[in-house]
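Written out below as structure tokens is the structure these notes cover.
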Amino acid sequence: MAGAKDYSNKQVSDNREQVEHHVREILKLIGENVEREGLLDTPARVTRMYEEIFSGYAVDPRDVLGVTFDEQHEELVIVKDIVYYSQCEHHMAPFFGVAHIGYIPSGKIAGLSKLARLVDAVSRRLQVQERITSQIADILEEVLKPHGVMVVVEGEHLCMCARGVKKPGSKTVTSAVRGQFRQSSALRSEFLELLKR
């Protein structure tokens with residue numbers, strides 16, 4: 001993963017012993033033998049995983065956009081199929097998918113890779129897909145002050161596929177529109193049409 005992989009959740013690192021202890025206790029509570037070979041290092045592995053999958057807490061998502069550039073381009077910019085992984089805040093189960101971002105600059109643009117880093121910084125936390133979508137749109141609007149922003153996020157949620165209602169393959173699609181995208185159905189249609197290519 002590009003982006004938030006550069007960060008690590010320091011809160012987890014600083015509390016490594018406690019996190020490992022509690023993972024070990026949970027293993028006991030679900031009926032496991034924590035002394036068997038396959039589980040001996042599991043608490044440490046889970047803790048290292050938490051440092052990575054919750055690395056979004058280590059950064060202000062606004063900061064990952066970095067340096068912006070003054071460019072007199074005021075036409076639609078789209079970065080699509082940005083893969084993300086996140087954790088459902090209700091069940092702590094993974095969900096994952098792709099994000100598509102479109103914006104119309106008002107003279108200020110961000111590096112294209114920075115949009116992918118923004119998705120990582122927002123998604124590498126306990127989240128809900130709806131909030132990921134809104135936060136990406138709101139941060140772009142705040143930092144770049146574009147004429148408009150549209151974000152579409154697609155996700156597959158293991159809390160829905162592997163448990164509960166058990167509907168594997170079901171997808172959730174969320175969108176957020178700001179500025180000119182909110183006012184113009186033609187603009188929204190252009191964005192959605194370009195996503196199909």
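Treat the numbers as computed from the prediction; the structure is a model and nothing was measured. Side-chain atoms are counted along with the backbone in the values below, which use heavy atoms only and exclude waters and symmetry mates.
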Reported CZ-to-CG distance for the pair Arg16 and Asp14, which is rounded to 0.5 angstrom: 9.5 Å
So Arg131 and Glu89, salt bridge (charged side-chain N to carboxylate O under 4.0 Å, His left out) or not? Walk me through it. CA-CA 11 Å; Arg131 188 184 309 125; Glu89 69 182 19; 3.1 Å; yes
Would Val153 end up clustered with Val77 when hydrophobic side chains under 4.5 Å apart are linked, directly or stepwise? yes
Between Arg163 (side chain only) and Cys159 (backbone N and O only), is there a donor and an acceptor less than 3.5 Å apart? yes
If you define the side chain from C-beta out and look only at heavy atoms, does anything of Val83 sit under 4.5 Å from Asp81? no
Assess the residue pair Lys28 and Glu25 against the criterion (salt bridge (charged side-chain N to carboxylate O under 4.0 Å, His left out)); give the C-alpha distance rounded to whole Å, side-chain angles, the decisive distance to 0.1 Å, and a yes or no. CA-CA 5 Å; Lys28 290 179 187 173; Glu25 291 304 304; 3.1 Å; yes
Show your working on side-chain contact (heavy atoms from CB on, under 4.5 Å) between Ile101 and Val119 and close with a plain yes or no. CA-CA 9 Å; Ile101 299 174; Val119 171; 3.8 Å; yes
Would you indicate whether the side-chain heavy atoms of His100 and Glu154 approach each other to under 4.5 Å? yes
Can you pull the ring pair (Phe, Tyr, Trp, His ring centres under 6.0 Å) pairs that have at least one residue in residues 118-165, sequence neighbours excluded? Phe95-His157
May I ask you to establish whether Arg188 and Phe181 are in a cation-pi arrangement, using a distance under 6.0 Å from NZ or CZ to the six-membered ring centre and at most 45° from the ring axis? no
Donor-acceptor contact present, side-chain His91 to main-chain Ala93, <3.5 Å: no
Tell me, with the steps shown, if Glu32 and Arg36 meet salt bridge (charged side-chain N to carboxylate O under 4.0 Å, His left out). CA-CA 9 Å; Glu32 268 293 354; Arg36 70 181 176 86; 2.9 Å; yes
How about Pro61 and Arg124: do any of their side-chain heavy atoms sit closer than 4.5 Å? no
Indicate yes or no for a side-chain donor-acceptor contact from Asn9 to the backbone of Val12 under 3.5 Å, with no hydrogens or angles considered. yes
For the CD atom of Glu156 and the CD atom of Gln129, what is their distance to the nearest 0.5 Å? 11.0 Å
Should Tyr57 and Gln11 count as side-chain neighbours, where that means a heavy-atom distance under 4.5 Å? no
Trace of the salt bridge (charged side-chain N to carboxylate O under 4.0 Å, His left out) decision for Arg62 with Glu142: CA-CA 9 Å; Arg62 293 164 190 78; Glu142 178 185 332; 3.0 Å; yes
Is the backbone of Val122 close enough, under 3.5 Å, to the side chain of Tyr84 for a donor and an acceptor to pair up by distance? no
For Ile109, does its backbone N or O pair with a side-chain atom of Thr68 as donor and acceptor, under 3.5 Å? no
So ring pair (Phe, Tyr, Trp, His ring centres under 6.0 Å) across residues 13-53, not counting sequence neighbours, yields Tyr50-Phe54
